[in-house]
Amino acid sequence: MADQSMQVHPASSPDSKRPAYGAVESKTEAPNTENAYEDVTNSEGEGFMTSVARCIIIFFAAIIAIIPISWFWCITILREYERAVHFRLGKVYGAAKGPGIFFFLPFVDEYRVVDLRITALDVPPQEMITKDSVTTSVNAVVFIRVVDPNRMVLQVDDYITATKLLAQTTLRSVVGQHELDELLSKRDRINNELMKIIDKDTDVWGVKVFATEISDVKLPLSMQRAMASQAESERTRRAKVISAEGEYQASELLQKAAKTLQAEPLSIQLRYLHTLTQVSAEKNSTIIFPVPVDVMPLLNKKTSFNANAGGPSM
């Protein structure tokens, strides 16, 4: 037993002199833990900068890749008769663009296309009273064109409707200042007056009025009958005047012809022969013997003498 204890004691003494296993591990692993922490922090720093650079590269690559796709939304083509009013961040950016290719930035710019061609506006019939208190219905046609697209877009919302309403009120006021006869016979002057008034008011909108025409004037049925009767009486008067003037001119010509025939007695015989030719061409069974007018008094005297003498009368 003593030998066994002696053998066990030396064996156990070296173990007691060595440090504990946990202590040895703490001394040996402490410096390794700090180095690992530094490696981890360095690796995290490098990963953050790398991710930022990677995001930037991906962002620019995405933009470059989207450019061909967004080309359709950034470019538009304007025709020869079109202009684009350019807005950037809600403000007008320069003069109207066009014609041709027009480039704009999406989400920043917007534009409105304006047509520069002439537009015809049909003014509806307007019931009104003329200066001589005649009720009429008048409609007109107005031809307009946009000359300043920027001013038109900024000044008026719908220039076609605004111009049409302005033409209606102007037509009422102008027709009310003229009589019915002037409205029917002097349309050119009324058209010019209408065009000047409408063009003066629409010039502020950047719209030019090229022409204004009164297309139709409708009258009540009773007025149409009265005007027809007046026109018929006027035509009858003119016919009588023309007939009287013809008679007057014919009498003057006959007077000159009589003087000419009196100067040449043989011309009367030629006139007789010409008359016979005309009569024989129409009525061949009729025979006319021309008798000079100077012989008629002699025949009358002969007839009265025979009557007094009791002889046969001719």
Side-chain angles (χ1 to χ4, degrees), residues 128-141 174-195 211-314:
M128 60 197 74
I129 299 177
T130 59
K131 189 176 181 180
D132 51 352
S133 301
V134 178
T135 303
T136 59
S137 177
V138 182
N139 61 339
V141 180
V174 171
V175 172
Q177 299 174 2
H178 294 81
E179 296 182 355
L180 181 61
D181 294 338
E182 296 178 354
L183 183 61
L184 297 176
S185 60
K186 299 180 180 179
R187 287 192 182 184
D188 294 338
R189 188 177 69 181
I190 298 176
N191 292 335
N192 293 331
E193 186 175 354
L194 280 172
M195 185 181 68
T212 303
E213 296 290 338
I214 296 176
S215 58
D216 190 15
V217 178
K218 296 182 180 179
L219 300 175
L221 185 60
S222 59
M223 180 59 63
Q224 293 180 9
R225 292 175 180 175
M227 293 181 65
S229 178
Q230 180 183 1
E232 184 179 359
S233 301
E234 181 67 21
R235 286 193 296 268
T236 303
R237 184 187 68 84
R238 291 179 181 178
K240 291 181 179 179
V241 170
I242 292 172
S243 178
E245 290 180 354
E247 293 291 337
Y248 177 75
Q249 293 176 2
S251 63
E252 289 183 347
L253 294 176
L254 289 174
Q255 184 179 4
K256 292 180 180 179
K259 291 180 179 180
T260 303
L261 293 175
Q262 185 178 3
E264 296 292 338
L266 294 177
S267 59
I268 297 176
Q269 300 297 328
L270 296 175
R271 183 61 182 170
Y272 286 160
L273 295 175
H274 182 68
T275 304
L276 287 175
T277 303
Q278 291 180 348
V279 171
S280 62
E282 296 180 359
K283 297 180 179 180
N284 297 328
S285 61
T286 304
I287 300 174
I288 299 175
F289 293 97
V291 178
V293 180
D294 296 338
V295 180
M296 297 303 296
L298 298 177
L299 293 176
N300 291 331
K301 290 180 181 180
K302 185 66 176 177
T303 303
S304 62
F305 176 76
N306 292 332
N308 293 329
S313 60
M314 292 182 64

Please confirm whether the backbone N or O of S229 pairs with a side-chain atom of S233, one donor and one acceptor, at under 3.5 Å?
yes
Please report, to 0.1 Å, the donor-acceptor pairs under 3.5 Å made by any side chain of residues 180-190, with sequence neighbours excluded.
residue	atom	partner	partner atom	Å
S185	OG	D181	O	2.6
R187	NH1	I214	O	3.4

Evaluation steps, salt bridge (charged side-chain N to carboxylate O under 4.0 Å, His left out), between E232 and R235:
CA-CA 5 Å; E232 184 179 359; R235 286 193 296 268; 5.4 Å; no
With a 4.5 Å limit on heavy-atom distance, are the side chains of M128 and T136 in contact?
yes
What's the spacing between E179 CD and K131 NZ if we round to 0.5 Å?
6.0 Å
Heavy-atom closest pair (N191 atom, E213 atom, distance to 0.1 Å) is ND2-OE1, 3.1 Å
Show the nearest heavy-atom pair for residues E193 and Q177, with the distance to one decimal.
OE2-OE1, 3.8 Å
Taking all atoms of both residues into account, what is the closest heavy-atom pair of T135 and P220, and its distance?
O-CD, 3.1 Å
Output yes when a side-chain donor or acceptor of D216 lies under 3.5 Å from a complementary backbone atom of N139, and no otherwise.
no
At what distance, to the nearest 0.5 angstrom, does CE of M227 lie from CD of E234?
12.5 Å
How far does CD of E252 sit from NZ of K256, to the nearest 0.5 angstrom?
6.5 Å
